[in-house]
Asks: 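Below is one structure. I have some questions about it.
Chain A is the first sequence line, chain B the second, and so forth, proteins listed ahead of strands; every chain is numbered from 1.
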Amino acid sequence: MSGDQLHNDSQIEADFRVNDSHKHKKDKEHRHKEHKKDKDREKTKHNNSEHKDSSEKKHREKDKHKESEKRRDGEKEKHGEKEKLGEKPAEKEKHVEKEKHGEKPAEKEKHGEKEKPGEKEKHGEKQAEKEKHGEKQAEKEKQGEKQAEKEKHGEKHGEKEKHGEKHKDKHREKRKEEKNKSLGGSVKVKKENGFSGALRIKDEPEDNSCNILPKEHAKTLKRSRVEEDSEFKPKKIKTEDVKKTKKRKQEEEDVKPKKSKSRNRGHEGDVKKKKGKKEEEEKWKWWEEERHADGVKWKFLEHKGPVFAPPYEPLPDNVKFYYDGKVVKLSPKAEEVATFFAKMLDHEYTTKDIFRKNFFKDWKKEMSAEERGFMTNLGKCDFNELGQYFKAQSEARKQMTKQDKLKIKEENERLLQVYGFCVMDNHKERIANFRIEPPGLFRGRGNHPKMGKLKRRIMPENIIINCSKDSKVPTAPAGHKWKEVRHDNKVTWLVSWTENIQGSIKYIMLNPSSRIKGEKDWQKYEIARRLKKCVDKIRNNYREDWKSKEMKARQRSVALYFIDKLALRAGNEKEEGETADTVGCCSLRVEHIKLHPEMDGLEFVVEFDFLGKDSIRYYNKVPVEKRVFKNLQLFMENKQPEDDLFDRLNTSILNKHLQDLMEGLTAKVFRTYNASITLQQQLKELTSSDDNVPAKILSYNRANRAVAILCNHQRAPPKTFEKSMMNLQTKIDAKKDQLGDARRELKSSKADAKVRRDERTRKLVESKKKAVERIEEQLMKLEVQATDREENKQIALGTSKLNYLDPRISVAWCKKYGIPIEKIYNKTQREKFAWAIDMAEDDYEF
DNA sequence: TTGCTAACTTAGAAAGCCCTCC
DNA sequence: GGAGGGCTTTCTAAGTTAGCAA
């Protein structure tokens, strides 16, 4: 069932989301009103089956939660320290009783306040050990239940109230069904990736000292740099290489043969090292210079402003639009929006109900009153001629003469030269996206409730320019003016505007090769390296918290365990009806996991199934530690599928906690850390110095793939995948035949040589031998290529390579095994990672 | 503490470009 | 030389995080 069949009434969906930690605008607006209503509802909640207002409901949940918290807090205060430990006298007695009867350390640990921290840790280990090595299942479970019972105390009451009400909600089932459909049949749903944690490397034999000071990590760098918190020193100004711009074209020329060589799988030929080296020498090595003081992003910034989308060109008269079979000459505005739809006719989007509904609604707003009057049914609109016209145009573009193509290319190059660069602190830097997004129809991913809405044309009057006071402010297009000119050197953007779909701000920023982006990237990996030093401590810490008396701490620790073990994203709360229903760790709902005490011969298996960022499905079956499993059971107790799994947790709470554990630590850092450490470890495991270059590259790709799988970087299999695999197989078969022939020839020449014993035949044998070797190598390369491609069918390597893998690991690997860096990073990637390529030696350790 | 949002990173899809092969 | 196909680049959506204000 396709995702568009999901309900498209976002209100309905919003109505039945029960989440006591959700915060919404609506809530705020209605806060005072709701508060009053709340009390009344409490009285009548048992018959309350027809609530229509989600914000009301959420607010109620929130208040109940608060009340429950208050109750607990009150109790805590009353009972002093004992309460802090979550244990009432009676319970304590029970506990002593249990100990008498030979309770396991697990029980003791629950009451860990009695133990010294060191003992605690030991206990934790022992416990894990014991659990692994055959404590009786039944006993364990019983224990877990008791524990859960106790720990829920003081919270359960509120929870029950909450759920008593929830059970009444008749629409919930509907929502559940829809969610299921969404998970099972959304457009972007991919095959199960089926990985377990097997690829993960969790324990580094490194010292586990927790180095939390950012200053320390700087020592590990090749060159020292000014620390974030250090006093600002005026940056050394390095004169810009004036040739650089002119050289760009030249460079591209230089790179062409390089590219071609590196792409040519048949040849392992050297790249043009000399030219490459020269190129790099002339690059500005910002990483050898001092950084700006904290917060200051630049001292001088000058640019030419953005490039606007070309104005709309009306359709030629012979291209007709029909409504209900009759030709309709649309007004210019309506026609423009109609062309947006027509250009997407081949796309699945235009078949989706939500898309069509949103489009038609917004299109109507652009129509004249007359058009609006009679065009009331999108189904009666015939865009086919328009669609064909655009297809023909696109074909014509492909068929253009070389000269015409060159003209366009030159014009693009001219635009790039004018608008594609800025001057930042005396250096000419490339801008990433200097073109303003053209108008069109919004293409949200997954089941986005706003797909199909009209993305309006951005005008200069919508644009905020950011540059330095002493720079030449870009001039607005004739007859227009900028919305605002700002001089804010605490931000990195050059241009911004607010888009109309989500009301979010869009920016024009610098290219990843720029100093400003590179520095940030470098810093990101340094933070991840700092995490490496304290990750053991943090892991021990969260393991301890699995036994905490505080529900919040338990949830936090289990969530952190997932983030660490499974590289899940933090999972911010999202506004319902505004975006696709996707989740991350903190926003997981009960319906997203299934608990299996035993599965496929493994104990305590958690089955995850949810849509993550970009509505990419995350499916994984993971054996977890018993304590995690029991905690999950506890978190799910008395909850409905659509309730938050971690109802006491959000990303803000989690990140604040992480900040206390290590300066600069956030949930995201775990992804970077685990990705990089996995790459390093996998490279060590997979690379053999005896291998030839293609085999080593296959090992690299496999290591990269392990990370991509860990991070769940999926892609839709290329449309031409099957065909290209078949072609490759044909090539392999042909090569095998060729090899057979060559071997036969070698054999016969050898026989010949035995008889004749002359120089000529001996030489012939030699050449036949070489031919066989050459073909064997070619065959091996093809086979490696096939393996690589097959393994890569649904995995996207680029995202992890670009965003999660410390490039110095790759650089060091290349240096160590004599692999040209061009085999791993293409030109753009080399530009982005210039800092790493320059500074990492073959012995670099992440 | 909560809500809001600016600023930035991360993400997959689509478009564009260029190489290989016939 | 042009068709096919793979790699690169562009595009922009969708996340995360920090910081501010009430």
Asks: Would you classify A:Tyr507 as touching base, sugar-phosphate or nothing, given that sugar-phosphate means primed atoms plus P, OP1 and OP2, and contacts are heavy atoms under 4.0 Å?
Replies: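 Touches a base.
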
Asks: By nearest heavy atom, map A:Asp488 and A:Arg397 onto DNA chain B; which one lands nearer the 5' end?
Replies: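 By nearest-heavy-atom nucleotide position, the 5'-most residue is A:Asp488.
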
Asks: Does a side-chain N or O of A:Asn803 approach OP1 or OP2 of B:dT9 to a distance below 4.0 Å, or not?
Replies: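 Checking B:dT9 against A:Asn803, no side-chain N or O comes under 4.0 Å of OP1 or OP2.
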
Asks: Quick one about A:Ser676 and A:Tyr525 (side-chain donor to acceptor, distance below 3.5 Å, no hydrogens or angles considered), yes or no?
Replies: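 No - no donor-acceptor pair under 3.5 Å links their side chains.
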
Asks: Please tell me if the side chains of A:Phe833 and A:Ile821 come closer than 4.5 Å, counting only heavy atoms from C-beta onward.
Replies: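 SC-SC contact between A:Phe833 and A:Ile821 ruled out.
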
Asks: Does a side-chain N or O of A:Lys398 approach OP1 or OP2 of C:dG4 to a distance below 4.0 Å, or not?
Replies: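 Looking at the OP1 and OP2 atoms of C:dG4, neither is under 4.0 Å from any side-chain N or O of A:Lys398.
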
Asks: Look at A:His347 and B:dA14 and indicate whether a side-chain polar atom (N or O) is within less than 4.0 Å of OP1 or OP2.
Replies: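 Result: yes.
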
Asks: Which is true for A:Thr492 with a 4.0 Å heavy-atom rule: it touches a base, it touches only sugar-phosphate, or it touches nothing?
Replies: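 Sugar-phosphate only.
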
Asks: Does A:Lys668 have a side-chain nitrogen or oxygen under 4.0 Å from the phosphate oxygens OP1 or OP2 of C:dT17?
Replies: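 For A:Lys668, the contact criterion (side-chain N or O under 4.0 Å from OP1 or OP2 of C:dT17) is not met.
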
Asks: List every contact pair, protein side and nucleotides 12-15 of chain C side both N or O, where the distance is under 3.5 Å.
Replies:
from, atom 1, to, atom 2, distance (Å)
C:dA13, OP1, A:Lys455, NZ, 3.1
C:dA13, OP2, A:Lys506, NZ, 2.4
C:dA14, OP1, A:Arg445, N, 2.5
C:dA14, OP2, A:His448, NE2, 3.3
C:dA14, O4', A:Asp614, OD1, 3.3
C:dG15, OP1, A:Thr582, OG1, 2.8
C:dG15, OP1, A:Asp614, N, 3.1
C:dG15, OP2, A:Lys574, NZ, 3.0

Asks: May I ask you to verify if any side-chain N or O of A:Arg430 is less than 4.0 angstrom from the OP1 or OP2 atom of C:dT10?
Replies: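 For A:Arg430, the contact criterion (side-chain N or O under 4.0 Å from OP1 or OP2 of C:dT10) is met.
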
Asks: Specify the separation, in whole Å, of atom NZ of A:Lys520 and atom P of B:dC8.
Replies: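 Checked: the NZ to P distance equals 7 Å.
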
Asks: Check whether NZ of the Lys or CZ of the Arg A:Lys453 lies under 6.0 Å from the centre of the six-membered ring of A:Phe442 and within 45 degrees of that ring's axis.
Replies: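 Negative - A:Lys453 is either too far from the ring of A:Phe442 or too far off its axis.
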
Asks: Are A:Arg291 and A:Gln523 close enough, and set up right, to give a side chain to side chain contact (heavy atoms under 4.5 Å, CB included), and what steps lead you there?
Replies: CA-CA 12 Å; A:Arg291 294 167 60 195; A:Gln523 187 189 33; 3.9 Å; yes

Asks: Are OP1 or OP2 of C:dT17 and a side-chain N or O of A:Thr666 less than 4.0 angstrom apart?
Replies: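 Looking at the OP1 and OP2 atoms of C:dT17, one of them is under 4.0 Å from a side-chain N or O of A:Thr666.
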
Asks: Categorize A:Lys297 for me: base, sugar-phosphate, or nothing, with a 4.0 angstrom heavy-atom threshold over every strand shown.
Replies: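 A:Lys297: backbone/sugar contact only, no base atoms under 4.0 Å.
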
Asks: For A:Ala432, which contact category applies under a 4.0 Å heavy-atom criterion: base, sugar-phosphate, or nothing?
Replies: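 No contact.
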
Asks: If each of A:Ser504 and A:Lys517 is mapped to the nucleotide of DNA chain B with the nearest heavy atom, which maps nearer the 5' terminus, i.e. the 5' end?
Replies: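 Looking at DNA chain B, the more 5' nearest nucleotide goes with A:Ser504.
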
Asks: Would you please test A:Thr582 and A:Lys613 for side chain to side chain contact (heavy atoms under 4.5 Å, CB included) and show each step?
Replies: CA-CA 6 Å; A:Thr582 62; A:Lys613 184 178 179 180; over 6 Å; no

Asks: Let's see if you can work this out: which of B:dC8, B:dG12, B:dT10 has an atom nearest to the side-chain heavy atoms of A:Trp493?
Replies: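 Of B:dC8, B:dG12, B:dT10, B:dC8 is nearest to the side chain of A:Trp493.
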
Asks: Under 4.5 Å between any side-chain heavy atoms of A:Arg457 and A:Phe308, yes or no?
Replies: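 The answer is no, as the side chains (C-beta and beyond) never meet within the 4.5 Å cut-off.
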
Asks: Indicate whether the side chain of A:Tyr349 and that of A:Arg443 have a donor and an acceptor atom separated by less than 3.5 Å.
Replies: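 There is no such pair (donor and acceptor under 3.5 Å, judged by atom type) between the side chains of A:Tyr349 and A:Arg443.
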
